[in-house]
There are 2 protein chains.
Amino acid sequence: MSDNHDLILKNLNLKITPKRLAVLNILADELVFVSPEEIWRKMKSRFKNIGLPTVYRILEELCEGGVISKIIHPTRQLYYYYCKNLNHHHHFICMSCRRVEDVNLCAAKEIEKQVAGNLKGKVLSHIIQVNGFCKTCSQKKAPDES
Amino acid sequence: MSDNHDLILKNLNLKITPKRLAVLNILADELVFVSPEEIWRKMKSRFKNIGLPTVYRILEELCEGGVISKIIHPTRQLYYYYCKNLNHHHHFICMSCRRVEDVNLCAAKEIEKQVAGNLKGKVLSHIIQVNGFCKTCSQKKAPDES
DNA sequence: ATTATAAATAGAAATGTTTTCTATTTATAA
DNA sequence: TTATAAATAGAAAACATTTCTATTTATAAT
Ligand SMILES: [Zn+2]
Ligand SMILES: [Zn+2]
Ligand SMILES: [Zn+2]
Ligand SMILES: [Zn+2]
């Protein structure tokens, strides 16, 4: 797996540093979306000196390179998720436990058609995200508790 | 139009105050999405005393009530847009001039099917937004300039 | 009209996340 | 090894947004 991460960094023309690899490893172990601060806390148990700005920078580089994706959260705080599904798809996120599931649909074609057709505009990107409660959380009475 | 805005506030069980009406009027005159700060600047030319927190609060109330919608911006700053289209739809936003256009498609049905079916989850809300350059801006050589 | 009430607001201050900056360290290629 | 650019730490700044308290205002009931 580590080789895989080396390769990911190589492909992004990023130097293979212990901290970048650690961020990738931490993200790869997570089943849920995480904040820079949370990553930082885990990093601090692995490195004596590790700055929060470094974590922010690494996460942004990985996101920029398409390796991880940003989560759009109602609080507008930053969250990231390392999704191994390389096909174009979107996410269902649980507002209670932060689990992320793939939603294998994409309206890109229809969007492109409408925008190019009616609006004569140019599409740069699109955001599709579904917010809700996952199976586990929706089975609880009060999904935010216990 | 003012009556219309009175009614909007009434329906939300909000008192009809000059400042709430002014925010609605300012938003109604805008063709583009705007920030709280920008609204505040316009408010200051109409009111001697007007606090930025008031603008934030009013915008949030209107958004909460479904009267205006939040724009998801890459910078993650807050932007709002007052859309008169009452049908469920989504937005195409121009990253250059901030114009907003309706995109009359919605994947809600397919989303619901997938999430309820495969994931056994519960959908609370969904975000669909298309980012790009509008007709005018995409016709310019460098869309971000001049 | 007056008054009582809860709601709305101003203004200052706090909050808290994210970014910037500079000196130092490190990965990598020659 | 060494030279070089890239990466990083740590402190500080920036900045948008929120919280707080005292004051004002809209509204409904006299
Ligand atoms: Zn859940
Ligand atoms: Zn898509
Ligand atoms: Zn435009
Ligand atoms: Zn929809």
Side-chain angles (χ1 to χ4, degrees), chain A residues 2-3 5-26 33-65 67-68 70-80, chain B residues 2-3 5-26 33-65 67-68 70-80:
Chain A
S2 204
D3 290 341
H5 292 164
D6 283 21
L7 194 58
I8 284 173
L9 296 177
K10 269 239 156 64
N11 289 341
L12 298 179
N13 286 314
L14 296 175
K15 290 186 176 172
I16 295 159
T17 66
K19 283 165 187 177
R20 282 189 178 132
L21 289 172
V23 168
L24 275 169
N25 284 329
I26 288 168
F33 59 83
V34 288
S35 70
E37 173 99 25
E38 286 159 352
I39 303 263
W40 185 45
R41 280 206 289 270
K42 301 203 181 209
M43 292 291 277
K44 282 195 282 192
S45 71
R46 305 190 189 190
F47 299 93
K48 190 159 56 61
N49 298 324
I50 168 70
L52 184 52
T54 299
V55 174
Y56 270 89
R57 194 175 351 87
I58 292 173
L59 289 169
E60 185 50 33
E61 290 160 350
L62 294 174
C63 190
E64 197 62 30
V67 174
I68 62 178
K70 275 198 179 91
I71 297 296
I72 310 272
H73 202 273
T75 63
R76 293 187 348 280
Q77 270 195 234
L78 266 180
Y79 289 98
Y80 293 96
Chain B
S2 205
D3 289 343
H5 292 163
D6 283 20
L7 194 58
I8 285 173
L9 296 177
K10 268 241 157 65
N11 289 340
L12 297 179
N13 285 316
L14 297 174
K15 289 186 178 174
I16 296 161
T17 67
K19 284 166 186 176
R20 282 188 179 135
L21 290 172
V23 167
L24 276 170
N25 284 328
I26 288 168
F33 59 83
V34 288
S35 69
E37 173 99 24
E38 287 158 351
I39 303 263
W40 185 45
R41 280 205 290 272
K42 303 204 180 209
M43 292 290 277
K44 281 195 281 193
S45 70
R46 305 190 189 192
F47 299 93
K48 192 161 53 67
N49 298 323
I50 168 70
L52 185 51
T54 299
V55 174
Y56 270 88
R57 193 173 355 84
I58 291 173
L59 289 168
E60 184 51 32
E61 289 161 347
L62 294 174
C63 190
E64 197 61 31
V67 174
I68 62 178
K70 275 199 180 93
I71 297 297
I72 309 277
H73 201 272
T75 63
R76 292 186 351 279
Q77 271 194 236
L78 270 178
Y79 290 97
Y80 293 96

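Here the structure is a predicted model, which means the values were calculated and not measured. Hydrogens, waters and symmetry mates are skipped; everything else that's a heavy atom, side chains included, is used. Chain letters run A, B, ... following the sequence lines, proteins first and then strands; every chain starts at 1.
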Discussion item. Students often get this wrong, so: under 4.0 angstrom with heavy atoms, is A/Arg20 touching a base, only sugar-phosphate, or nothing?
Written reply: sugar-phosphate
Worksheet, complete the sentence: By nearest-nucleotide position on DNA chain C, the 5'-leaning member of B/Pro18 and B/Pro53 is B/Pro18
Worksheet item: Rounding to a whole Å, what distance do you find between A/Tyr56:OH and D/dT8:P?
Response: 16 Å
Worksheet item: For DNA chain C, which ranges pair as stems of 3 or more consecutive Watson-Crick or G-U pairs, with both donor-acceptor distances under 3.5 Å?
Response: C:1-30 with D:1-30
Worksheet item: What is the distance from NZ of B/Lys10 to P of C/dA7, rounded to the nearest Å?
Response: 16 Å
Worksheet item: Side chains of B/Arg76 and A/Gln77: does their closest heavy-atom pair fall under 4.5 Å?
Response: no
Worksheet, complete the sentence: Judged by nearest nucleotide, the residue sitting upstream toward the 5' end of DNA chain D, A/Ile50 or A/Lys15, is A/Lys15
Worksheet entry | DNA chain C: 5'-proximal contact among B/Arg76 and B/Lys48 (nearest heavy atom) | B/Lys48
Fill in: Within 45° cone and under 6.0 Å: B/Lys42 NZ/CZ vs B/Trp40 ring
no
Worksheet item: Just how far, in rounded Å, is C1' of C/dG11 from CE of B/Met43?
Response: 16 Å
Discussion item. Rounding to an integer number of Å, can you tell me how far B/Arg57 CZ sits from C/dA10 C1'?
Written reply: 9 Å
Worksheet entry | Close side-chain approach of B/Leu62 to B/Leu12, heavy-atom, < 4.5 Å | yes
Item to complete: Taking the six-membered ring of A/Phe47 (Phe, Tyr or Trp), confirm whether the NZ or CZ of A/Lys19 is under 6.0 Å from its centre and within 45° of its axis.
Response: yes
Worksheet item: Does a side-chain N or O from B/Thr17 land closer than 4.0 Å to OP1 or OP2 of C/dT9, or not?
Response: yes
Response to the item:
Atom CD of B/Glu61 and atom C1' of D/dA26 are separated, to the nearest Å, by 14 Å
Discussion item. I need the CD1-P distance between A/Ile16 and D/dA7, as an integer number of Å.
Written reply: 11 Å
Discussion item. At 4.0 Å (heavy atoms only), tell me whether A/Gln77 reaches a base, stays on the sugar-phosphate, or touches nothing.
Written reply: sugar-phosphate
Worksheet item: Mind checking whether A/Phe33 and A/Tyr79 have parallel, tilted or perpendicular rings, split at 30° and 60°?
Response: perpendicular
Discussion item. Nearest whole Å is fine: how far is C/dG16 C1' from A/Tyr79 OH?
Written reply: 12 Å
Worksheet item: Within the structure, does a side-chain N or O atom of A/Asn49 lie under 4.0 Å from either OP1 or OP2 of D/dT8?
Response: no
Worksheet item: Starting at CD1 of A/Ile58 and ending at C1' of D/dA7, how long is that distance when rounded to a whole Å?
Response: 9 Å
Worksheet item: Any side-chain heavy-atom pair from B/Tyr80 and B/Ile39 closer than 4.5 angstrom?
Response: no
Discussion item. Mind checking if A/Leu78 touches a base, just sugar-phosphate, or nothing, with heavy atoms under 4.0 Å?
Written reply: sugar-phosphate
Item to complete: Decide yes or no for A/Ile26 and A/Arg46: does some side-chain heavy atom of the first lie under 4.5 Å from some side-chain heavy atom of the second?
Response: yes
